[in-house]
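Values in this document were obtained by computation on a predicted structure and should not be read as measured data. Here is how names work: the chains are called A, B, and so on, in the same order as the sequence lines, proteins then strands, and each is numbered from 1.
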Number of protein chains: 2
Amino acid sequence: MTSAAPRPRMTRQRREILDALDLGEFRSAQAWHERLRSEGSTTGLATVYRALQSLAETGEVDAVVAESGETLYRRCEAGEEHHHHLRCRVCGKAVEIDVPDFEAYAAAIGREHGYGDIRHTIELTGVCPECAAAGDA
Amino acid sequence: MTSAAPRPRMTRQRREILDALDLGEFRSAQAWHERLRSEGSTTGLATVYRALQSLAETGEVDAVVAESGETLYRRCEAGEEHHHHLRCRVCGKAVEIDVPDFEAYAAAIGREHGYGDIRHTIELTGVCPECAAAGDA
DNA sequence: CTGCAATTGATAATCATTGTCGATAAGACG
DNA sequence: CGTCTTATCGACAATGATTATCAATTGCAG
Ligand SMILES: [Zn+2]
Ligand SMILES: [Zn+2]
Ligand SMILES: [Zn+2]
Ligand SMILES: [Zn+2]
């Protein structure tokens, strides 16, 4: 039923974005754009937004909504399953964590209340050792 | 250390907002404002934003950031402790849920990775029975 | 009752994100 | 390889939520 997903064209811009993603932590679309520009890329901001959104939909990158409302993106381990992060509020450095049984637990709670199509969000944030030492608290 | 919190003045506007909050589900600041207006209130939008923010800081109302980036507010049970919700994506109806030991679990994971000042977010969303029946899926 | 700082509200300003649209270039096909 | 079709670009305008301004009010301490 879902129209055959037409795989995106491999343009120079998309390639650059994928590359940049490889070495980074959670950053906003604008931050990724700035980084690209600082590396000499001429890719436009709107293009970065579009690419990140598309990548997030296919699960190739993780997206989290910060308290400020900005959406932050990060490249995940290749072909990785659903998972969660412990992220530094200061520098964005993230660690993937394991939340055993939570998936099943969530579904059970939903059933218990008659809710269907359950989805969940678990975000852990803190201050990493480096940032704590630097006192950027 | 934290400057003595000067309790907010009890103005007509603040009272109205508190009252409206009593009977509601998760709604955006703008939605709460519209509701007030429809009830005859003349309270301004900026005031609603300010009141909700202030209430969220003191924990008198819960605030969650939707995927869209909007912040949604809801009045919680009086004097309630930290807790989490199972919320309907369609109508906003929410149930408070219990996530045993997660607080301790989160702190442990943080310690394990050297992260400090751990905070967490757990949001469960689904479609409530009524909305499922109505097929607004 | 007075005086003044906290609060309000209409409005302008921000800021992230999305839409527009002519120009460009993947990539299918021959 | 050339062509052709059309997804994708990018500069810029538009949107929508939230915040800042600032003069006018008004809790409320004294
Ligand atoms: Zn850090
Ligand atoms: Zn999960
Ligand atoms: Zn609550
Ligand atoms: Zn519902």
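A salt bridge does not link B:Arg75 with B:Asp62: none of the charged nitrogens is closer than 4.0 Å to a carboxylate oxygen. Between B:Glu96 and B:Arg74 a salt bridge is recorded (basic side-chain N to carboxylate O distance below 4.0 Å). Between B:Arg12 and B:Glu16 there is a salt bridge, since at least one side-chain N of the basic residue sits less than 4.0 Å from a carboxylate O of the acidic one. Contact check on B:Glu130 versus B:Lys93 returns a salt bridge, with a Lys/Arg side-chain nitrogen under 4.0 Å from an Asp/Glu carboxylate oxygen.
Taking the six-membered ring where the residue is Trp, B:His84 and B:His120 present tilted rings, their angle falling between 30° and 60°.
Separating the CD atom of A:Glu67 from the C1' atom of C:dA16 is a distance of 17 Å, rounded to the nearest angstrom. Separating the CD atom of B:Glu16 from the C1' atom of C:dG9 is a distance of 13 Å, rounded to the nearest angstrom. Distance A:Arg37 CZ to D:dA11 P: 6 Å, rounded to the nearest Å. The CG-P distance, from B:Leu45 to D:dT21, rounds to 17 Å in whole Å. The OH-P distance, from B:Tyr49 to C:dT14, rounds to 18 Å in whole Å. Distance B:Leu55 CG to C:dT7 P: 12 Å, rounded to the nearest Å. In this structure, CZ of A:Arg14 is placed 11 Å from C1' of D:dA7, rounded to the nearest angstrom. As a whole-Å value, the separation of A:His33 NE2 from C:dT17 P is 13 Å.
As judged by a 4.0 angstrom heavy-atom cut-off over every strand, A:Ser68 is placed among residues making no nucleic acid contact. Within the nucleic acid shown, B:Thr71 comes within 4.0 Å of sugar-phosphate atoms alone, with no base atom in reach, counting heavy atoms only. B:Thr42 comes within 4.0 angstrom of the backbone, heavy atoms only, and of no base.
Contact between the side-chain N/O atoms of B:Arg7 and the OP1/OP2 oxygens of D:dG27 is not found at any separation under 4.0 Å. Regarding contacts with the backbone of C:dG9, a side-chain N or O of B:Gln13 is found under 4.0 angstrom from either OP1 or OP2. Between A:Thr11 and D:dC9, a side-chain N or O to OP1/OP2 separation shorter than 4.0 Å is present. OP1 and OP2 of D:dG16 both lie 4.0 Å or more from every side-chain N or O belonging to B:Gln30.
The residue among B:Ala29 and A:Gly44 whose nearest nucleotide of DNA chain D lies closer to the 5′ end is A:Gly44. Ranked by how close their nearest DNA chain D nucleotide is to the 5' end, B:Ser28 and B:Arg12 are led by B:Ser28.
Taking 3.5 Å as the limit, the base of C:dA5 and the side chain of B:Arg9 contain a donor-acceptor pair of atoms between them. The base of C:dG9 sits within donor-acceptor range of the side chain of B:Arg50, with an N or O pair under 3.5 Å.
In the set C:dG9, C:dT18, D:dT18, the nucleotide with an atom closest to the side chain of B:Thr47 is C:dG9. Nearest to the side-chain atoms of A:Gln53 among the listed nucleotides C:dT17, C:dT18, D:dA17 stands C:dT18.
In the model, A:Arg14 has a side-chain atom that pairs as donor or acceptor with a side-chain atom of A:Ser54 under 3.5 Å.
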